[in-house]
Amino acid sequence: MKELMHTLTDFSVRLDTAVWGIPMLILLLGTGIFMSWRLGFLQFRRFGSIMRHTVGRLFSKHENREGTLSPIQALTTALAGTVGTGNIAGVAGAIAIGGPGAIFWMWIAALFGMCTKYAEIILAVRYRKQNVKGDFVGGPMYYIKNGLGKKWQWLAAVFCIFGMCAAIGTGCLTQINTIATSIGSVFQSFNPEIDRELLNLIYVVIGVIGAILTILVLFGGLQRIGSVTEKLVPVMAVVYIVAALAVVVSHGNRVGTVLGEIVCGAFAPSALGGGLAGTAIQQAMRAGFGRGIFSNEAGLGTAPIAHAAADVDHPVQQGMYGVFEVFADTIIICTLTALAILCSGCAPQFYGSSAGTDLTIMAFSTTFGGRAASIIIAICITMFAFSTLLSWSLYGGRCMEFLFGSRGMLAYQAIYVVFVVVGARTRLDIVWNLADSMNALMAIPNLIAILALSPVVVHLTREYFSSKSGKI
């Protein structure tokens, strides 16, 4: 049995390394650069207009049609899946692997990823359809089939297969397990010698509670998911942003130095010395690009599934929320995590090793103390992970629905809930790697479709902005 587990672990690591290699990162970043060029670098030239259209309307009331979500609900549902453990553990991991310079490359990936997500959301709204329940459904599988033609339906099916697997791994097992272990760490902070059997019982209880809450939300349909995320996402974002800002402010004298380290480390990591001696620029780039894309999901094809249900008159109206989504996830939340870690001075001892939530907790403990930091991170991770769990249940369900109809979606959701219970106390080393691999494999059909349908994105963008100002 041990040999089998060792073989599976080795295979999962090799697969993850292969699919998230340099070619994949080039494809993702290259798509963002290509779409930015085709759209005249819209994310920079029209940034003010995009923020007014998105942030400026966050608190406006919208009576959406039946079978749709309001633009804000579609955004928060997508953000629920995007803003997650990657913003806390992923950023810490990027810094440990690639040093402060990884954050610079994370920013670059986000700036170009804005146009990738803008494009995929436009295509999702343009090629969406109504299902038998009257809900608007869309995403890569629909714009592959309806945009590229039925001869490409096999590619849509490939996306759905990888999407269903990724949803179980990334969206379900890893999220509920992260919740369980984070809450478990709080119990351990109060009693370091807590009995292992009691800890396992706590994990099981968390899994059952998570499954019940998921059922209550999931089987309320699309509108209930949107309604829950609309309330949960702003709260969880504000709580984490305030906590991270408190850490940064408490080490305010270090901010200028840290920003210099980020820029210097992007081009000469070894110049910073310490545990970064010998770290190559390529390693910093790979860590920054990889963790950044994992966090904001630009190009993976998941967020468009949520945005496709938005009640908008023109695809570009919702596409602009994609730009804001990447901005909020990476430029704001990931950056605050990075500044908190780097300003705290805790990062150097983790350079060259694996790190995650433990590094973030240590950074927060310099301001709040160890026990309080564990509680704060546990609360934030629980909200982040639970919201991700809900959104990915929609993504996986829509993939199943595309292949097998509405009954298939119900069956998938039932299986999903079972895995919520199972995942709470399961070792997930292999699952993390396989889920990561499924994300990359799912992105390939989506990126092919975005590139092939880029003329449609450009046409719709010109059509929309020409009616406003005469230019893109």
Side-chain angles (χ1 to χ4, degrees), residues 20 22 25 28-29 32 83 85-114 240-241 243-296 298 326-368 373 377 380:
W20 277 108
I22 297 300
L25 296 179
L28 280 161
L29 184 62
V83 178
T85 54
N87 298 80
I88 297 177
V91 174
I95 292 172
I97 296 169
I103 304 306
F104 178 87
W105 298 115
M106 186 178 287
W107 291 339
I108 297 298
L111 292 174
F112 290 112
M114 288 176 184
Y240 185 73
I241 287 171
L245 271 173
V247 178
V248 175
V249 170
S250 70
H251 301 283
N253 61 317
R254 287 265 304 150
V255 172
T257 302
V258 163
L259 291 175
E261 290 175 353
I262 289 173
V263 176
C264 175
F267 301 98
S270 58
L272 297 178
L276 289 176
T279 298
I281 296 174
Q282 180 182 338
Q283 189 169 329
M285 291 177 68
R286 181 172 177 175
F289 287 152
R291 298 303 175 104
I293 291 164
F294 178 79
S295 177
N296 61 51
V326 176
F327 177 79
D329 175 89
T330 306
I331 305 300
I332 295 179
I333 299 178
C334 286
T335 297
L336 282 173
T337 301
L339 290 177
I341 290 171
L342 294 170
C343 288
S344 71
C346 297
Q349 60 188 292
F350 286 87
Y351 288 157
S353 64
S354 60
T357 308
D358 51 344
L359 173 53
T360 310
I361 290 175
M362 184 178 290
F364 275 53
S365 69
T366 61
T367 298
F368 298 106
I377 295 299
C380 291

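Sequence positions, counted from 1, serve as the residue numbers for this chain.
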Quick one: does [X]'s side chain get under 4.5 Å of [Y]'s, heavy atoms only?
| X | Y | answer |
| --- | --- | --- |
| Cys346 | Leu359 | yes |
| Asp329 | Cys334 | yes |
| Val91 | Ile103 | yes |
| Leu339 | Leu259 | yes |

List for me each residue that meets side chain to side chain donor-acceptor pair (under 3.5 Å) alongside [X], sequence neighbours excluded, and say none if there are none.
| X | answer |
| --- | --- |
| Thr337 | Tyr240 |
| Thr366 | His251 |
| Thr367 | Ser250 |
| Thr257 | none |

What pairs with [X] under side-chain contact (heavy atoms from CB on, under 4.5 Å), at least two apart in sequence or on another chain?
| X | value |
| --- | --- |
| Leu29 | Ile33, Phe112, Phe289 |
| Ala110 | Asn296, Val326, Thr330, Ile331 |
| Val249 | none |
| Ala373 | Ile361, Phe364, Ser365 |

>> Tell me if a side-chain donor or acceptor on Arg254 pairs with a main-chain N or O of Leu342 at a distance below 3.5 Å.
In response: yes

Which atom names give the shortest non-hydrogen contact between [X] and [Y], and what distance separates them?
| X | Y | result |
| --- | --- | --- |
| Thr335 | Trp107 | OG1-NE1, 2.8 Å |
| Ala340 | Ala363 | O-CB, 3.8 Å |
| Ala246 | Phe368 | CB-CZ, 3.7 Å |

>> The criterion is ring pair (Phe, Tyr, Trp, His ring centres under 6.0 Å); which residues satisfy it with Phe327, sequence neighbours excluded?
In response: Phe47

